[in-house]
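Written below as structure tokens is the structure these notes are about.
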Amino acid sequence: MKSIYADYAASTPTDPRVVEVMEPYMTDFFGNPSSIHSFGREADVAVGEATEIISRFLGCKKEEVFYTSCGTESNNLAVIGVAKANKDKGRHIITTAIEHPSIMNACKALEKDGWEVTYLPVTKEGLVEVESLEKVLKKETVLVSIHLANSEVGVIQNIAKLARISNKHGALFHTDACQAAAYLNLNVKTLGVDLLTLNGSKMYGPKGIAVLYVREGVNIFPIFYGGSQQKSLRSGTENVPGIVGLAKACEIASDNQEKESQRIGQLRNQLEKELSKIPGLSVNCAGAVRLPNHLSVTFNESKESNLVEVLDNKGIAVSSGSACSSKSIVDSHVLQRIGLSGDQIHKTIRFSLGRQTTSEQVKKIAQVARVI
Ligand SMILES: *Cc1c(COP(=O)(O)O)cnc(C)c1O
């Protein structure tokens, strides 16, 4: 029996249309875009065309798109690069207590180097309150980094408002949009952000490619030093097949966003309704605006100690607290912050649906979950 995949928030399959456009850039047009000869020029043209598509997806200029190797790298570049370039203005950064580890740990590293970091609390529904941000902004604040949608509970933050208030106080605003790309509009003007992280592997694109949008005029230092590619902000030979593939993934995402959000949202609601019949089950952050494909539930009355393993053995692939830390025994910081106890955290499962999820699969998931 083939397992049902319900862990799209951890990784999406690469769309076959994406694979198709990438292939020639590994075999025929393999040149280094920095090379002067025809092979190099072909690669350079491909990167330019892809950047055109990606900048349209983000509503920004081509010159504001920078390529990195993953979401983690983009997030590190945003936090550390902005902090170092603006340290004369101040050494204060604001983020939230429920960020991805790539933001959290970059901030921790800066703290060791003398920066002050404020970790904003969230409500029980996983929301950052605008007032709590306003209270901690000060003239030394150089950067506010708040994710667009949470990877564990799917809660969507009010980025436009949070960004506006940060800018009003003279701080730059970064958002980690890795979870949101397949479902939400990422127009940087509408969001009002100065920097934004986007990741291929969570939006049916290839792994190993990500973007950092950096608004023109933002002061930022590199974290890698090398051959001065990408205006020296991110040295290293560009991942041409990855960039071409990511552009295709963006194109597909913008063509399908509305339809997909609706279809998958209905499936999620169907699953939520079915699972809610289980005695003692609670839906996390049910009152918040969430991504249409996310469902985090706690099986409060389950006697099992490892629900992910139990479900896997029954042919359903899901995550516990956090995709990135589910192999370690550390409790999810996100679930702690929304008020779950240690026991509840161990009984919490994230179902995340996606492009290949069907109504039959949802029925099967509900059937299996009922008896665990
Ligand atoms: C997956 C993810 C990342 C990290 O991306 P990688 O490509 O795995 O480095 C960062 N932030 C969020 C919200 C994510 O979901």
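Numbering of ligands and ligand atoms starts at 1, following listing order.
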Does any N or O in the side chain of D15 come within less than 3.5 Å of the main-chain N or O of V19, such that one atom is a donor and the other an acceptor? no
Does the ring of Y119 carry K108 above it, NZ/CZ under 6.0 angstrom from centre and within 45° of its axis? yes
Basic-acidic side-chain contact under 4.0 Å: R91, D113: no
Between K202 and ligand 1, which part of the residue brings a heavy atom under 4.0 Å of the ligand: side chain, backbone, both or neither? side chain
Under 4.0 Å from ligand 1, counting heavy atoms only, is it the side chain of N199, its backbone, both or neither? side chain
Return the orientation label for the Y5 and Y8 ring planes: parallel under 30°, perpendicular over 60°, tilted otherwise. perpendicular
So for ligand 1, is T72 a polar contact partner (N or O within less than 3.5 Å, distance only)? yes
Only one of R268, K364, R370 clears salt bridge (charged side-chain N to carboxylate O under 4.0 Å, His left out) with E274; which? R370
Taking atom 13 (C) of ligand 1 as the point of reference, which of D176, I209, N75, L198 owns the nearest heavy atom? D176
Within 45° of the ring axis of Y204 and under 6.0 Å from its six-membered ring centre, is that where the NZ or CZ of R355 lies? yes
Which atoms from ligand 1 have a heavy atom of Q179 less than 4.0 Å away? 13 (C), 15 (O)
Numbering the atoms of ligand 1 from 1, which are under 4.0 Å from a heavy atom of S151? 15 (O)
Report the part of C70 in contact with ligand 1, treating N, CA, C, O as backbone and CB onward as side chain, heavy atoms under 4.0 Å; options are side chain, backbone, both, neither. both
